[in-house]
Amino acid sequence: MKRSPRTVISCAVTGSIHTPTMSPALPVTPREIATQAIDAAGAGAAILHLHARDPLSGYPSADPEVFMQFVPEIAAATDAVINISTGGSTRMTTEQRLAPALRLRPEVASLNMGSMNFVFSGAARKFTAWKHDWERDYLLGSEDVIFANTFSQIERTMLELGDGCGTRFEFECYDIGHLYSLAHFAERGLVEPPFLVQGVFGVLGGIGSDPENLTHMVAIADKLFGEDYVLSAFAAGRAQMDFALTSALLGGNSRVGLEDSLFIGPGQLAQSNAEQVTMLRNALESLGRQIATPDEARALLGLKGRTEVAF
Ligand code: KMH
Ligand code: ZN
């Protein structure tokens, strides 16, 4: 592992797993996404991982024009690294998922390293009344959908977004096998180090949020990539803060955000993304760790710089 001298905190602001009824803090409109992203950067997030939503319904959106209603504002207000999702939602086509990043040409985009079940239906059984009529079926429907990330989709993303736009990737690895897939593409020369390996734990359909799985992922990544990778990790749900902290203490980096957990503690909804970033930052600093600036993240990851984007 290429150890990070100071911890790079990523914040994933809204995502496509949670729905508006599940938390009043979940940002939906461009205004809400921009405000919360800017506040998260102010709290110490060096990288902002961004999805979009339909401003009225809150349904996950891949419309580049919706992204353009908040990304330029965020970029004007912070020097944070903008990371545009190519995961979108599990209901989107490859074309839809790639469109925002191809339009915005960000410094970083996520790239999901394997097809899988990606189930987030649990919440559907916890609520009986919904703000929007799409929410319950969307959540339950995740039990009948494959999150498709074929090798040809991955290769296309590497060519069109990586080579074509100079965008580098947050490689989302939901299981140990995804590391070997990344190694395959690296061996073919389709991606260059340093690789930002984002360990994703606790997604139903992916590897579980047991700490042994994080140390095992690190052991295999060390074997496959040596100093050519930078670790980051997060867990969806209640283990979010544990994994963010553990990854940092292992010499890696951390991701938090309402995209993957709506909580700040057991049974306590977070009031904002910034609240999660602040909790993590305070915990790390209390242990003597320092937080990386956006430019330190750029240097660590070999990013192209914020003037080379299309927003
Ligand atoms: N919500 C995470 C479990 C992406 O946007 O490309 C996965 C994620 C993928 O953030
Ligand atoms: Zn995401």
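The structure presented is a predicted model; accordingly, all values stated were derived computationally and were not measured. Each ligand, and each atom within it, is numbered from 1 in the order the structure gives.
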Of all N, O or S atoms in [X], identify the one at the shortest distance from the Zn ion (ligand 2).
X: E259; answer: OE2
X: H49; answer: NE2
X: H51; answer: NE2

Which ligand 1 atoms, with their elements, are less than 4.0 angstrom from a heavy-atom of [X]?
X: H49; answer: 4 (C), 5 (O), 10 (O)
X: V203; answer: 3 (C)
X: N112; answer: 4 (C), 6 (O), 9 (C)
X: F234; answer: 2 (C), 3 (C)
X: R255; answer: 1 (N), 2 (C), 8 (C), 10 (O)
X: S110; answer: 4 (C), 5 (O), 6 (O)

[X] and [Y] ion-paired at < 4.0 Å:
X: R298; Y: E107; answer: yes
X: R125; Y: E143; answer: yes
X: R3; Y: E227; answer: no

At what distance is the nearest protein heavy atom to [atom], and which residue and atom is it?
atom: atom 2 (C) of ligand 1; result: D260 OD1, 3.2 Å
atom: atom 8 (C) of ligand 1; result: E259 OE2, 3.4 Å
atom: atom 7 (C) of ligand 1; result: Y174 OH, 3.1 Å
atom: atom 5 (O) of ligand 1; result: S85 OG, 2.7 Å

Query raised in the report: Any cation-pi pair here, R105 with F311, using under 6.0 Å and within 45°?
Result: no
**Report entry** Sole residue of E32, Q36, R53, H51 in side-chain hydrogen bond (donor to acceptor under 3.5 Å, both in side chains) with T14
**Finding:** R53
Mind checking whether [X] and [Y] have parallel, tilted or perpendicular rings, split at 30° and 60°?
X: F171; Y: F169; answer: tilted
X: F118; Y: F147; answer: perpendicular
X: F67; Y: F70; answer: tilted

Query raised in the report: Of the backbone atoms (N, CA, C, O) and the side-chain heavy atoms from C-beta on, which set of F147 has a member under 4.0 Å from an atom of ligand 1: side chain, backbone, both, or neither?
Result: neither
Query raised in the report: Where on I17 is there a heavy atom closer than 4.0 Å to ligand 1, on the side chain, on the backbone, on both, or on neither?
Result: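 Only the side chain of I17 comes within reach of ligand 1.
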Requested in this report: Specify the closest pair of heavy atoms between A292 and E296, including all atoms of both residues, with the distance to one decimal.
Outcome: CA-OE1, 3.2 Å
Query raised in the report: Under 4.0 angstrom from ligand 1, any heavy atom of H51?
Result: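 Yes.
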Report summary line: OG1 of T246 to CG of L214, rounded to nearest 0.5 Å, is 6.5 Å
Query - Backbone N/O of L48 and side chain of N83: donor-acceptor pair under 3.5 Å - result: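 No, the answer is negative, given that no donor and acceptor are paired below the 3.5 Å cut-off.
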Requested in this report: Please confirm whether G87 comes within less than 3.5 Å of ligand 1 when only nitrogen or oxygen atoms on both sides are compared.
Outcome: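 Yes: some nitrogen or oxygen of G87 is under 3.5 Å from one in ligand 1.
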